[in-house]
Enquirer: 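Dumping the structure here so I can ask a few things about it.
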Amino acid sequence: MKIATWNVNSLKVRMPHLLDWLGSAAPDVIALQETKTEDAAFPRAPIEAAGWHVAFSGQKTYNGVALLSRRPGSHVQAGMPGFADEQKRVIAASYGDVRVIGAYVPNGQAVGSDKYEYKLRWLEAFTAYLRSELERWPRLVVVGDYNIAPEDRDVHDPKAWEGSVLVSPAERAAFRGLLGLGLHDAMRLFAQPDGTYTWWDYRAAGFRRNLGLRIDHILASAALAAECQACTVDVAPRKLERPSDHAPVWAEFTPAPALP
DNA sequence: ATGGCGCGCGCAGCGCGA
């Protein structure tokens with residue numbers, strides 16, 4: 001089972017890139033972030049015409065998440081129960097016994113800002129939510145734009161970024177808290193080249209110079225981490241005309257064959 | 001990298017992203 005995540009930075013604008021990538025990469029499930037589309041205007045037709053089932057939770061202009069899958073999901077849930085939030089940032093569905101949660105973690109804008117405080121509160125609620133989801137769904141994958149670069153090796157210039165939003169100690173502690181639930185960073189299950197990132201600033205030729213951050217992640221519960229065969233960033237779509245500033249990330253999970 | 005771009009909204013220029 002191939003599970004992917006991609007912050008598309010506007011689903012409407014990125015539709016051609018998305019459909020191309022779905023065709024070539026052929027994931028079973030992909031989580032999208034920053035669809036920036038209210039539900040009534042969600043462009044289901046071209047997606048369904050390409051053979052995908054969809055679940056989505058969006059709003060005008062900002063945020064918005066979706067799950068696209070080859071087979072229909074069950075137990076679809078938007079948002080986190082018990083955390084009232086106008087901002088559409090979470091959607092979950094199950095595919096067989098595999099639970100997939102797609103998340104768009106708040107950016108936080110600047111350390112100490114109201115948006116940063118909201119980010120930390122949000123991450124606290126997310127941690128509690130994942131704890132309860134793990135109890136119900138031991139085969140859990142949590143994917144999305146976490147807006148956190150977990151370690152210095154996930155940052156092109158750790159000195160320049162030190163202490164700023166996306167790398168601040170409190171954000172990194174929150175990320176470690178997610179790992180502490182028993183989730184595993186799928187990318188780190190395999191050796192990766194130095195300078196493996198998932199986001200590059202549009203400005204200053206950030207991508208060409210590989211001035212990036214690794215902030216999009218696939219976290220897998222122990223049961224699924226044991227079945228993870230690969231995890232990769234596909235930078236190809238970032239090279240296209242009018243790209244998203246994020247690249248898709250995917251992981252392949254294959255259960256061990258049953259003993260004879 | 002002080003910013004530089006790209007998005008939505010809406011028709012000018014601003015808020016936001018990371």
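Naming: A, B, ... by sequence-line order, numbering from 1 per chain.
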Enquirer: For nucleotides B:dC16 and B:dG3, find the distance between their P atoms and express it as a whole number of Å.
Expert: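 Looking at atom P only, B:dC16 and B:dG3 are 16 Å apart.
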Enquirer: Looking at A:Asn9, does any N or O in its side chain come under 4.0 Å of the phosphate oxygens OP1/OP2 on B:dG6?
Expert: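 A:Asn9 to B:dG6 OP1/OP2: no side-chain N or O under 4.0 Å.
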Enquirer: Please determine if a side-chain N or O atom of A:Arg203 lies less than 4.0 Å away from the OP1 or OP2 oxygen of B:dC5.
Expert: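 No, because none of the side-chain N or O atoms of A:Arg203 sits under 4.0 Å from OP1 or OP2 of B:dC5.
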Enquirer: Over how many whole Å does the gap from A:Trp199 atom CH2 to B:dG17 atom C1' extend?
Expert: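 Atom-to-atom, A:Trp199 to B:dG17, this comes out as 8 Å.
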Enquirer: Classify the side-chain pair A:Trp200/A:Asn210 by whether it contains a donor and acceptor separated by less than 3.5 Å.
Expert: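 Checked: A:Trp200/A:Asn210 side chains pair up, N/O donor to acceptor below 3.5 Å.
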Enquirer: A:Ser74 and A:Tyr95: side-chain donor and acceptor closer than 3.5 Å?
Expert: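 There is no such pair (donor and acceptor under 3.5 Å, judged by atom type) between the side chains of A:Ser74 and A:Tyr95.
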Enquirer: Could you tell me which nucleotide pairs with B:dC9 by Watson-Crick or G-U wobble geometry, both distances under 3.5 Å, or answer none if nothing does?
Expert: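 Its partner is B:dG13 (Watson-Crick or G-U wobble, both distances under 3.5 Å).
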Enquirer: Just checking A:Lys119: base, sugar-phosphate only, or nothing, at a heavy-atom cut-off of under 4.0 Å?
Expert: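 The residue A:Lys119 makes no contact with any strand.
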Enquirer: Which part of the nucleic acid, if any, lies within reach of A:Asn63 when heavy atoms closer than 4.0 Å are counted: base, sugar-phosphate only, or nothing?
Expert: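 A:Asn63: no heavy atom of the nucleic acid under 4.0 Å.
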Enquirer: Could you check which of B:dC7, B:dG17, B:dA1 has an atom nearest any side-chain atom of A:Ala204?
Expert: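 Nearest to the side-chain atoms of A:Ala204, counting from C-beta on, is B:dA1.
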Enquirer: Give a yes or no answer on whether the side chain of A:His217 reaches the backbone of A:Asn147 with a donor-acceptor pair at less than 3.5 Å.
Expert: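 Checked: no pair found.
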Enquirer: Between B:dC16 atom C1' and A:Asp145 atom CG, what is the distance in whole Å?
Expert: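 Result: 14 Å.
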Enquirer: By the 4.0 Å heavy-atom rule, please label A:Leu211 as base, sugar-phosphate, or nothing.
Expert: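 Here A:Leu211 touches no strand at all.
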Enquirer: Remember a base hit wins even if backbone is also touched, and classify A:Tyr104 as base, sugar-phosphate or nothing at under 4.0 Å, heavy atoms.
Expert: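 Sugar-phosphate only.
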Enquirer: Look at the side chain of A:Asn147 and the base of B:dA18, then say whether one donor and one acceptor between them are separated by less than 3.5 Å.
Expert: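 No, no donor-acceptor pair under 3.5 Å.
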Enquirer: From the list B:dA1, B:dG17, B:dC7, which nucleotide is the closest neighbour of the side chain of A:Glu34?
Expert: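 Between B:dA1, B:dG17, B:dC7, the one nearest the side chain of A:Glu34 would be B:dG17.
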Enquirer: Taking only the P atom of each, what is the distance from B:dA1 to B:dC14 in whole angstrom?
Expert: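 Pairwise P distance, B:dA1 against B:dC14, rounds to 27 Å.
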Enquirer: Considering only the C1' atoms, how many Å lie between B:dC7 and B:dA12, rounded to the nearest integer?
Expert: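 Approximately 16 Å lies between the C1' atom of B:dC7 and that of B:dA12.
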Enquirer: What does A:Asn7 touch in the nucleic acid at a heavy-atom separation under 4.0 angstrom: a base, only the sugar-phosphate, or nothing?
Expert: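 Counting heavy atoms under 4.0 Å across all strands, the contact made by A:Asn7 is with sugar-phosphate only.
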Enquirer: When rounded to the nearest Å, what value does the distance between C1' atoms of B:dG10 and B:dG15 take?
Expert: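 To the nearest whole Å, 14 Å.
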Enquirer: Return no unless some side-chain N or O of A:Arg14 is found under 4.0 Å from OP1 or OP2 of B:dC7.
Expert: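 Answer is yes, contact under 4.0 Å.
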Enquirer: Looking at A:Trp199, does the NZ or CZ of A:Arg214 lie under 6.0 angstrom from its six-membered ring centre and within 45 degrees of the ring axis?
Expert: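 Not satisfied by the 6.0 Å and 45° rule.
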Enquirer: Output yes when at least one side-chain N/O atom of A:Lys36 is less than 4.0 Å from OP1 or OP2 of B:dC16, else no.
Expert: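 Checking A:Lys36 against B:dC16: no side-chain N or O falls below 4.0 Å of OP1 or OP2.
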Enquirer: A:Leu213 CG to B:dA18 C1': how many Å, rounded?
Expert: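 Answer to the nearest Å: 7 Å.
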Enquirer: Remember a base hit wins even if backbone is also touched, and classify A:His156 as base, sugar-phosphate or nothing at under 4.0 Å, heavy atoms.
Expert: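 No contact at all - A:His156 keeps every heavy atom at 4.0 Å or more from the nucleic acid.
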Enquirer: Given B:dC16, B:dG8, B:dG4, identify the nucleotide with an atom nearest to the side chain of A:Val13.
Expert: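 Nearest nucleotide to the side chain: B:dG8.
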Enquirer: Choose from B:dC9, B:dC7, B:dA18 the nucleotide whose nearest atom is closest to any side-chain atom of A:Thr61.
Expert: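 Between B:dC9, B:dC7, B:dA18, the one nearest the side chain of A:Thr61 would be B:dC9.
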Enquirer: For residues A:Tyr202 and A:Asn9, is any side-chain donor paired with an opposing acceptor at under 3.5 Å?
Expert: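 A pair is found: one side chain offers a donor N or O, the other an acceptor, under 3.5 Å apart.
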Enquirer: Check step by step if side-chain hydrogen bond (donor to acceptor under 3.5 Å, both in side chains) holds for A:Tyr118 and A:Asp85.
Expert: CA-CA 11 Å; A:Tyr118 163 69; A:Asp85 193 353; 2.8 Å; yes
Enquirer: Give the rounded distance in Å between these two atoms: NZ of A:Lys60 and C1' of B:dG8.
Expert: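 Between C1' of B:dG8 and NZ of A:Lys60: 10 Å.
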